[in-house]
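Note sheet for the following structure.
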Amino acid sequence: MDALVRPVLDPTFAGAALAFLFCGAALGTVSGLVPGLHANNFALLLAGLAPSIPADPLLVGIAMLGAGVVHSFLDIVPALALGVPDAATAVAALPGHRLVIAGRGREALRLSAVGSGLAVALAVPFAVPVTWVMARGYPIVRAHLPLLLGAVVAFLVVTESSRRAAVVGLVAFLASAALGVATLDVDPSAPLDAGGVLAPLFAGLFGAPVLVDALGGDGVPPQSDARITMGRRDLGVSATAGSLAGAVVGYVPGISAAIASVAALPAVPKSEADRGFIVATSGANTANTVFALFALAALGTPRTGVTVAVDRAEVPLALPILLVACATAAACGFTLLLLVGDAYLRVVGNADYTRLSVGVLCLLGCVSYAFAGSFGVGVFLVAAVLGLVPPRLGARRVHLMGVLIGPLMLG
């Protein structure tokens, strides 16, 4: 117990914790705003550097979590402005684009901030009961994981808009699963030893196709006021549904925040579908980041890249301290999203969108090379071609999460 109280009473430790937290928040800001980067990459780099950092491992863990939480707030910005979501925000990309085209991008940013902020606020009362239930049910989940993942795939397919879209979705799932089986176990030589092939896979499947579709586009139109027009009740229902879905999937291997968002969609009011999608997706994304920490503490198994890094760095799981760090990082992320988001939309709106799209595509290729070498560039290109297919044939791109689900189903 003394070990948990010491940092609160020790001004020196508290000051160091804030310094590490703000460093992590800075890394999360960079990864959130730069297309193709993810907080996982920085967290894994920190895990590799942890033995040489002359500091308490708990401080390194605070930096990792700070990066992850801030990233979960800011990753919606390039998804709206540039059309480059990461895997977690893929579901919200199209509804978000519709709002941007309608001049409501500033509102979309604030809807996302509210969804993520409420997810952190709900994490405290939900943490104990959800962890209690999931810890006791985990042996059953683990024993029947292929069946559970198969049910998730079936849910994604049957909730498509038409029979044709359902068939396309199933084919997209199988193709991405094959890509995952072929690449995920590869350990390519690369300039940076962090992240492996996940960075090029996600950049290709979820980022590059949207940029290719945007070539020759008009970019971001002028945006109107930032007022949230969604009713409070609908806003609360959407945020709660996304948060609960993100909390649950934080304990289940292979189920991402994007899939949690799809699971939460039936609870989103149909009259506010686009706005509700953004709120639910942002809530699921941030809740998944926070509850993955509880999954690590309760089950001893990391569920996200950030918690993998926390586990590798042997960070003490002092939950009260780490939760305070998550809450503080959430306040930073909320503030940064409001401060940076509008300017991001304005800068992109004034840019040559064709040149910008080509430039970001080149950046994604460079990120792929940095984290997975020449092999990563090849994976990026193959994934980009595959990522172009589902929307062109009327299906959702979320089926491409088969890149992670498929290998897990095969064991």
Side-chain angles (χ1 to χ4, degrees), residues 1-8 13-14 16-17 20-21 24-25 28 39-40 42-44 46-47 50-51 53 55-72 88 116 119-143 145 148 243-257 260 283-330 333 408:
M1 188 68 178
D2 291 340
L4 297 183
V5 176
R6 172 183 58 83
V8 178
F13 185 94
F20 273 78
L21 177 65
N40 293 349
F42 286 132
L44 291 168
L46 283 174
I53 298 176
D56 188 330
L58 183 57
L59 295 174
V60 178
I62 287 172
M64 293 173 178
L65 289 172
V69 172
V70 170
H71 176 98
S72 74
S116 290
V120 176
L122 292 170
V124 176
F126 287 162
V128 174
V130 171
T131 301
W132 187 88
V133 171
M134 295 304 297
R136 280 152 183 78
Y138 183 72
I140 298 174
V141 170
R142 189 67 195 173
L145 183 59
L148 175 61
S243 300
L244 282 173
V248 172
V249 304
Y251 297 83
V252 182
I255 307 298
S256 70
N285 189 15
T286 301
N288 186 50
T289 301
V290 175
F291 274 88
L293 177 62
F294 286 94
L296 179 61
L299 307 176
T301 52
R303 289 284 176 262
T304 64
V306 171
T307 53
V308 167
V310 167
D311 191 45
R312 283 187 190 175
E314 299 181 352
V315 174
L317 295 179
L319 282 179
I321 299 169
L322 297 177
L323 280 179
V324 170
C326 287
T328 307
L408 280 171

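For clarity, every value in this text was computed on a predicted model and none was experimentally measured. Here, residue 1 is the first one in the sequence, and each next residue gets the next number. Because only heavy atoms are used, hydrogens play no part in the values below, and waters and symmetry mates are left out as well, while side chains stay in.
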At what distance, to the nearest 0.5 angstrom, does CG of Asn285 lie from OG of Ser243?
11.0 Å
So which heavy atom on Ala297 is nearest to which on Leu319, and how close?
CB-CD1, 4.0 Å
Which heavy-atom pair separates Ala330 from Val120 by the least distance, and what is that distance?
CB-CG2, 3.6 Å
Between CD1 of Ile321 and SG of Cys326, what distance do you get to the nearest 0.5 Å?
12.0 Å
Which heavy atom of Ala119 sits nearest to which heavy atom of Ala287, and what is that distance?
CB-N, 3.9 Å
In this structure, OG1 of Thr307 is separated from CG of Leu317 (nearest 0.5 Å) by 10.0 Å
Minimal non-hydrogen separation, Phe20 against Ala55, with atom names:
CZ-CB, 3.6 Å
Between Thr286 and Ser72, the two heavy atoms sitting closest are OG1-OG, 3.0 Å
Could you point out which residue of Leu21, Val306, Val290, Val315 forms a side-chain contact (heavy atoms from CB on, under 4.5 Å) with Leu65?
Val306
For Phe291, all residues meeting ring pair (Phe, Tyr, Trp, His ring centres under 6.0 Å), sequence neighbours excluded
Phe294
Output the distance between atom CG (Leu58) and atom CZ (Phe13), rounded to the nearest 0.5 Å.
4.0 Å
Among residues at least two apart in sequence or on other chains, which ones pass side-chain contact (heavy atoms from CB on, under 4.5 Å) with Val324?
Thr328
